[in-house]
Amino acid sequence: MAERVLLISDLHLEEQRPDITAAFKNFLLSNQANCTSLYILGDLFEVWIGDDAQTPLAQEIAISLAEFSKAGSDVFLMHGNRDFLIGESFAQQCDMSLIPDPFELTAGNFRALLLHGDTLCTDDIDYQLFRTMVRNPDWQAEFLAKTVDERIAYAREARRQSQLATGQKTTEIMDVNADAVQKLFTESKHLTLIHGHTHRPAMHVVSSASTNSAAIEHKRIVLGDWDQKLWYVEIQNSEAALRSEPLTN
Ligand code: MN
């Protein structure tokens, strides 16, 4: 199989959106045995309260992903801000590997730094504080020790508060911070960043001055969420393209 890498993010799968679940299963079927690897860059699920509290939806997705993987494509999952509690147990069920955020992708001659994208939203101070708290292993162990009902209640309240706060934040605060992007380009030496999270699909070209003062061109490819359309990045022949299709076809 010629190298063909697919990247998706922000499907936000939930029981209330069977159309997105159907679109995802379709996407897997149409790319089965037809890509080298699939990277899911976070927020596959709208909510995840622990591998031990699986819904029929989660099990359905695990079966689809495992079939897709067994047909010959490697599947990788990076955590998003909604499903960061997905653990090794669910990953094994899906026959996929968990990858850290950020992650260096190499596909033939193509290299990129992959992120979920929330770490670039540094203007959203409240969110960054919340992120630091919930990514702490002690917090997670304590949370996972609660009963399923307690966890559902907590997740509901966290989501309610997040929606309240989001309503009061400007779109600038919710987007990536330009300095954070610049800093990452400088530190990582990667020419391309691929992330999701902001739900603002685009291919940005960012110039930065290098040490010998010649401008270097960087690309920041932002995946879209699957609310209205399905979005993916396709890497083939060392070129990355951002594509979208209708949810149903
Ligand atoms: Mn997100």
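Treat the numbers as computed from the prediction; the structure is a model and nothing was measured.
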* Report the C-alpha distance between Leu38 and Phe76 in whole Å, list the side-chain angles of each, state the deciding distance to 0.1 Å, and finish with yes or no for side chain to side chain contact (heavy atoms under 4.5 Å, CB included). => CA-CA 6 Å; Leu38 169 68; Phe76 301 95; over 6 Å; no
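- Under the 4.5 Å side-chain heavy-atom criterion for Ile, Leu, Val, Met, Phe, Trp and Tyr, Val233 and Leu193 are members of distinct hydrophobic clusters.
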* Asked: Run the side chain to side chain contact (heavy atoms under 4.5 Å, CB included) check on Met174 and Asp124 step by step: do they pass?
  -> CA-CA 6 Å; Met174 305 279 292; Asp124 194 344; 4.2 Å; yes
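- When side chains are defined from C-beta on, Leu77 does not count as touching Ile99, because their heavy atoms never get closer than 4.5 Å.
- When all heavy atoms of Phe90 and Ala62 are compared, the closest pair comes out as CE1-CB, 3.7 Å.
- In this structure, Lys219 and Val206 have side chains that are not in contact, with every pair of non-hydrogen atoms separated by 4.5 Å or more.
- Remark: Glu15 CD is packed, more than 12 non-hydrogen atoms of other residues, nucleotides or ligands lying under 6.0 Å away.
- Here Asp19 contributes atom CG and Leu230 contributes atom CG; the two are 11.0 Å apart, rounded to the nearest 0.5 Å.
- Checked for salt-bridge contact, Glu46 and Arg17 miss the test: no charged N lies under 4.0 Å from a carboxylate O.
- Put simply, OG on Ser244 and CD on Gln228 are 11.5 Å apart, with the number rounded to the nearest 0.5 Å.
- Ion pair Arg131/Asp126 not flagged as a salt bridge, since none of the NZ, NE, NH1 or NH2 atoms sits closer than 4.0 Å to an Asp/Glu carboxylate oxygen.
- The neighbour count for Asn237 CG, taken as heavy atoms of other residues, nucleotides or ligands under 6.0 Å away, does not exceed 12.
- Minimum heavy-atom separation, Ala240 to Ile235: CB-CG1, 4.0 Å.
- The number of heavy-atom neighbours closer than 6.0 Å to CD of Gln16, taken from other residues, nucleotides and ligands shown, is above 12.
- Side-chain contact check for Gln161 and Glu157: at least one donor-acceptor pair (N or O, by modelled atom type) lies under 3.5 Å.
- Within a 6.0 Å radius of NZ in Lys183, no more than 12 heavy atoms belonging to other residues, nucleotides or ligands are found.
- Test Val222, Leu113, Leu242, Ile221 against Ile194 for side chain to side chain contact (heavy atoms under 4.5 Å, CB included) and you get one pass: Ile221.
- Using a 4.5 Å cut-off on side-chain heavy atoms (C-beta onward), Val181 and Arg220 make contact.
- Here the side chains of Asp83 and Val47 are not in contact, with every heavy-atom distance at 4.5 Å or above.
- A donor-acceptor pair shorter than 3.5 Å cannot be found between the side chains of Ser37 and Asp74.
- Remark: the backbone N or O of Ile49 is paired with a side-chain donor or acceptor of Arg151 at under 3.5 angstrom.
- For the pair Asn177 (side chain) and Ala180 (backbone), a donor-acceptor distance under 3.5 Å is present.
- Between the side chains of Gln93 and Gln54, at least one donor N or O sits under 3.5 Å from an acceptor N or O.
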* Asked: Going through the distances and angles, do Thr166 and Gln163 end up as a side chain to side chain contact (heavy atoms under 4.5 Å, CB included)?
  -> CA-CA 5 Å; Thr166 301; Gln163 281 170 341; 5.5 Å; no
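- Looking at heavy atoms from C-beta onward, Thr171 lies in side-chain contact with Arg200 at the 4.5 angstrom threshold.
- The two atoms that bring Ser73 and Ala33 nearest to each other are OG-N, 4.2 Å, heavy atoms only.
- Ile20 and Asp227 get closest at one heavy-atom pair: CD1-CA, 4.4 Å.
- In this structure, Asp43 contributes its side chain and His12 its backbone to no donor-acceptor pair below 3.5 Å.
- Aromatic ring pairs are classed by plane angle as parallel below 30°, tilted from 30° to 60° and perpendicular above 60°; the pair Phe185 and His218 is parallel.
- Between Leu29 and Lys25 there is no side-chain heavy-atom pair separated by less than 4.5 Å.
- Looking only at atom types and distance, the side chain of His79 has no donor-acceptor partner in the side chain of Asp101 under 3.5 Å away.
- Ring geometry, Phe84 versus Trp139: the interplanar angle falls from 30° to 60°, so the pair is classed tilted.
- Under 3.5 Å, the side chains of Asp118 and Asn81 contain no donor-acceptor pair of N or O atoms.
- Linking Ile, Leu, Val, Met, Phe, Trp and Tyr residues whenever their side-chain heavy atoms come within less than 4.5 Å leaves Met96 and Ile63 in two separate clusters.
- In this structure, Glu245 does not pair ionically with Lys229, as no charged nitrogen and carboxylate oxygen lie closer than 4.0 Å.
- In the displayed structure, Arg156 atom CZ is contacted under 6.0 Å by at most 12 heavy atoms of other residues, nucleotides or ligands.
- Rounding to the nearest 0.5 angstrom, the gap separating the NZ atom in Lys169 from the CG atom in Asp175 is 13.5 Å.
- Ring geometry for Phe24 versus Phe27: interplanar angle under 30°, hence parallel rather than tilted (30 to 60°).
- Within the 4.5 Å cutoff, the side chain of Glu3 has no heavy atoms near those of the Gln236 side chain.
- Distance alone, capped at 3.5 Å, places no donor-acceptor pair between the Ser69 side chain and the Leu65 backbone.
- With rounding to the nearest 0.5 angstrom, the CH2 atom of Trp226 is 12.0 Å from the CH2 atom of Trp231.
- Residues Val148 and Phe143 share a single hydrophobic cluster, defined by chaining ILVMFWY side chains whose heavy atoms lie under 4.5 Å apart.
- Here the CG atom belonging to Leu28 is positioned 12.5 Å from the CG atom belonging to Asn34, to the nearest 0.5 angstrom.
- Residues Leu98 and Leu115 fall into different hydrophobic clusters, defined by Ile, Leu, Val, Met, Phe, Trp and Tyr side chains chained together at heavy-atom separations under 4.5 Å.
- Residue Asn26 holds its CG atom at 10.5 Å from OG of Ser64, rounded to the nearest 0.5 Å.
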* **Trace of the side chain to side chain contact (heavy atoms under 4.5 Å, CB included) decision for Val134 with Leu85** => CA-CA 9 Å; Val134 300; Leu85 284 172; over 6 Å; no
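- Taking every heavy atom of both residues into account, Thr198 and Cys121 meet most closely at CG2-SG, 4.2 Å.
- Leu120 and Leu41 are assigned to two separate hydrophobic clusters, defined by single-linkage of ILVMFWY side chains at heavy-atom distances under 4.5 Å.
- Tested against His195, the residues Asp10, Leu184, Thr119, Val176 include a single side chain to side chain contact (heavy atoms under 4.5 Å, CB included) partner, Val176.
- A distance-only check finds no donor-acceptor pair linking the side chain of Gln32 to the backbone of Ala71 [under 3.5 Å].
- Between Glu217 and Ser207 the shortest heavy-atom distance is CG-OG, 4.1 Å.
- The closest side-chain heavy-atom distance from Val5 to Leu7 is below 4.5 Å.
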